[in-house]
**Q** 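Let me begin by handing over the structure; questions about it come next.
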Amino acid sequence: MNYNYLRYFSVLAQLEHYTLAAARLEISQPSLSSAIRNLEDELGVKLFEKVGRNIRLTEEGRYFQKKVDSAMDELATATQTLLNSRENAPVVIRLGYVSGALNGPISKEMAQYMAESDRCRFHITEGSARDLMELLHQEKLDIAIVDVTSRDRSLHFRKLCERSFYVAVPVGHPLSGREQISASDMILYPQIGFSHSMDHNFEDWASHPDVRQRFICQVNTVSGALSLVAARLGITIIPGECITPMDGIVYIPLENRRQALYSCIVYDRWLSPPVWDFVERVIRSARERQ
């Protein structure tokens, strides 16, 4: 149903005079008459009847006027609400990250961005790189900070920085006295797979090609991995940003192992200006700190 026809009908129903209604609507009287005829044809009822040289609403017309005026009022209210909210509505940035990625410069950029704009809000999701990329495809995230890239050509990756890794071992463990640990040093000991390292590429990245790690279980969060280390179930590799002092755990640098972090967005997907501005600021800040 044509919105203009409803607007024309509402004015004509109020005035019950074609000439006055056409003048208020700033259209010609023939255009108004044609619109009302089309509306009546569409509805299959007469909305107006002639009384001498004037017109008045039919019974159906009076019923329709109440409904149309109510709908027009609601539409006007909703329109004004949207217009008023353009400058005040919150901007939600949906950010995904692999564990440890928010520590340091990225979290500082978040704090600064929110300090500069009280409209800004963040919706944060922690997960593996694989899961975050899937959420990007599902349009549930605007940007993800991941630790691997993909051959998926619909995704765009930009390197942010590199991070080092540590091995978390229980106090008194045979490796706890080392100043550094290599991947080959770990093969004799049970390991707790972290962030899908059992079925993803972390094992390949952290190991020599001819060395097989002894993964006994898998967790998705740093806190889960460290709890199992403290319980002496095994050892685990964690990003340096995730080191948290805990009773019963010693952290030892992992030798010659560094890993890049990347921003990841979907190619050609429209991002609102505030979201895009945040993405660019994160990339610029991370590169300036390298």
Side-chain angles (χ1 to χ4, degrees), residues 1-96 113-114 116-125 131-144 154-156 265-279:
M1 186 169 291
N2 190 305
Y3 167 78
N4 282 331
Y5 289 177
L6 297 179
R7 185 165 62 90
Y8 297 167
F9 166 77
S10 180
V11 173
L12 182 59
Q14 178 186 354
L15 299 177
E16 292 189 330
H17 196 289
Y18 271 100
T19 302
L20 295 178
R24 179 177 294 186
L25 292 166
E26 298 182 341
I27 62 174
S28 68
Q29 186 171 328
S31 296
L32 176 58
S33 299
S34 176
I36 297 302
R37 282 197 304 271
N38 289 336
L39 183 59
E40 289 177 330
D41 289 343
E42 184 175 351
L43 294 172
V45 297
K46 282 291 184 180
L47 299 172
F48 297 94
E49 59 184 358
K50 288 186 177 182
V51 180
R53 294 184 178 181
N54 299 321
I55 61 168
R56 68 182 178 190
L57 287 163
T58 62
E59 183 177 350
E60 294 87 350
R62 287 193 295 273
Y63 168 80
F64 195 56
Q65 181 191 24
K66 293 179 182 178
K67 299 300 182 181
V68 169
D69 285 352
S70 176
M72 297 290 281
D73 287 343
E74 288 190 19
L75 182 58
T77 299
T79 300
Q80 191 60 48
T81 298
L82 291 176
L83 291 173
N84 293 339
S85 69
R86 285 186 302 183
E87 301 301 325
N88 300 313
V91 176
V92 179
I93 300 175
R94 301 170 301 173
L95 172 65
Y113 202 71
M114 286 188 287
E116 295 174 1
S117 172
D118 56 7
R119 297 176 56 202
C120 183
R121 305 288 185 273
F122 283 91
H123 183 279
I124 307 296
T125 301
D131 291 342
L132 297 177
M133 292 177 200
E134 180 61 29
L135 291 175
L136 283 169
H137 281 304
Q138 295 173 8
E139 299 189 13
K140 294 180 179 180
L141 292 178
D142 299 310
I143 176 177
S154 67
L155 297 175
H156 180 50
I265 61 175
V266 177
Y267 265 122
D268 298 329
R269 176 178 296 165
W270 183 86
L271 296 177
S272 67
V275 176
W276 186 252
D277 179 57
F278 174 74
V279 172

**Q** Could you check whether S31 and S28, counting side-chain N and O atoms only, form a donor-acceptor pair closer than 3.5 Å?
**A**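 Looking only at side-chain atoms, S31 and S28 do form a donor-acceptor pair, the distance falling under 3.5 Å.
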**Q** Which atom pair, heavy atoms only, marks the closest approach of F9 to G61?
**A**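 Minimum heavy-atom separation between F9 and G61: CZ-O, 3.6 Å.
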**Q** Using modelled atom types and a 3.5 Å cut-off, is there a donor and acceptor pairing between side-chain atoms of S10 and backbone atoms of L6?
**A**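 No.
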**Q** Could you tell me whether a side-chain N or O of E16 sits under 3.5 Å from a main-chain N or O of L57, the two making a donor and an acceptor?
**A**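 Pair found, side chain donor or acceptor close to backbone of L57.
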**Q** Is there a ring-ring contact (aromatic ring centres under 6.0 Å, His included) between Y3 and Y8 once you walk through the steps?
**A** CA-CA 9 Å; Y3 167 78; Y8 297 167; 9.1 Å; no
**Q** State the CZ-CG distance between R37 and L32, to the nearest 0.5 angstrom.
**A**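 Nearest 0.5 Å value for the CZ-CG distance: 10.0 Å.
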**Q** To the nearest 0.5 Å, how far apart are CD1 in I143 and CD1 in I265?
**A**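 So the CD1 of I143 and the CD1 of I265 are separated by 7.0 Å.
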**Q** For a 4.5 angstrom cut-off between non-hydrogen side-chain atoms, does W276 reach I93?
**A**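 No. Closest side-chain heavy atoms not under 4.5 Å.
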**Q** If we ignore hydrogens and angles and just use 3.5 Å, is the side chain of R121 paired with the main-chain N or O of V92 as donor and acceptor?
**A**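 Absent.
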**Q** Taking CD in E116 as the centre, count heavy atoms belonging to other residues, nucleotides or ligands within less than 6.0 Å. Is the count above 12?
**A**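 Counting other residues, nucleotides and ligands, CD of E116 exceeds 12 neighbours.
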**Q** Could you tell me the separation between the CG atom of L132 and the NE2 atom of H137, rounded to the nearest 0.5 Å?
**A**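 The distance works out to 12.0 Å.
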**Q** Mind checking whether F122 and Y113 have parallel, tilted or perpendicular rings, split at 30° and 60°?
**A**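 Ring orientation, 0 to 90° scale: perpendicular.
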**Q** To the closest 0.5 Å, what do you measure between CD (E139) and CZ (R94)?
**A**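 E139 atom CD to R94 atom CZ measures 7.5 Å (nearest 0.5 Å).
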**Q** Do T19 and Q29 have side-chain atoms, one donor and one acceptor, less than 3.5 Å apart?
**A**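 Side chains of T19 and Q29: pair found under 3.5 Å.
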**Q** Hey, does I36 have a side-chain heavy atom less than 4.5 Å from the side chain of Y18?
**A**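 A side-chain contact under 4.5 Å exists here.
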**Q** Answer yes or no: is there an ion pair linking E40 with K46, defined by an N-O contact shorter than 4.0 Å?
**A**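 Answer for the salt bridge query: yes.
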**Q** Less than 4.5 Å apart, any side-chain heavy atom of L39 and any of L47?
**A**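 In contact.
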**Q** Could you tell me the separation between the CG atom of L155 and the CG atom of L136, rounded to the nearest 0.5 Å?
**A**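 Taking CG in L155 and CG in L136, the distance rounds to 6.5 Å.
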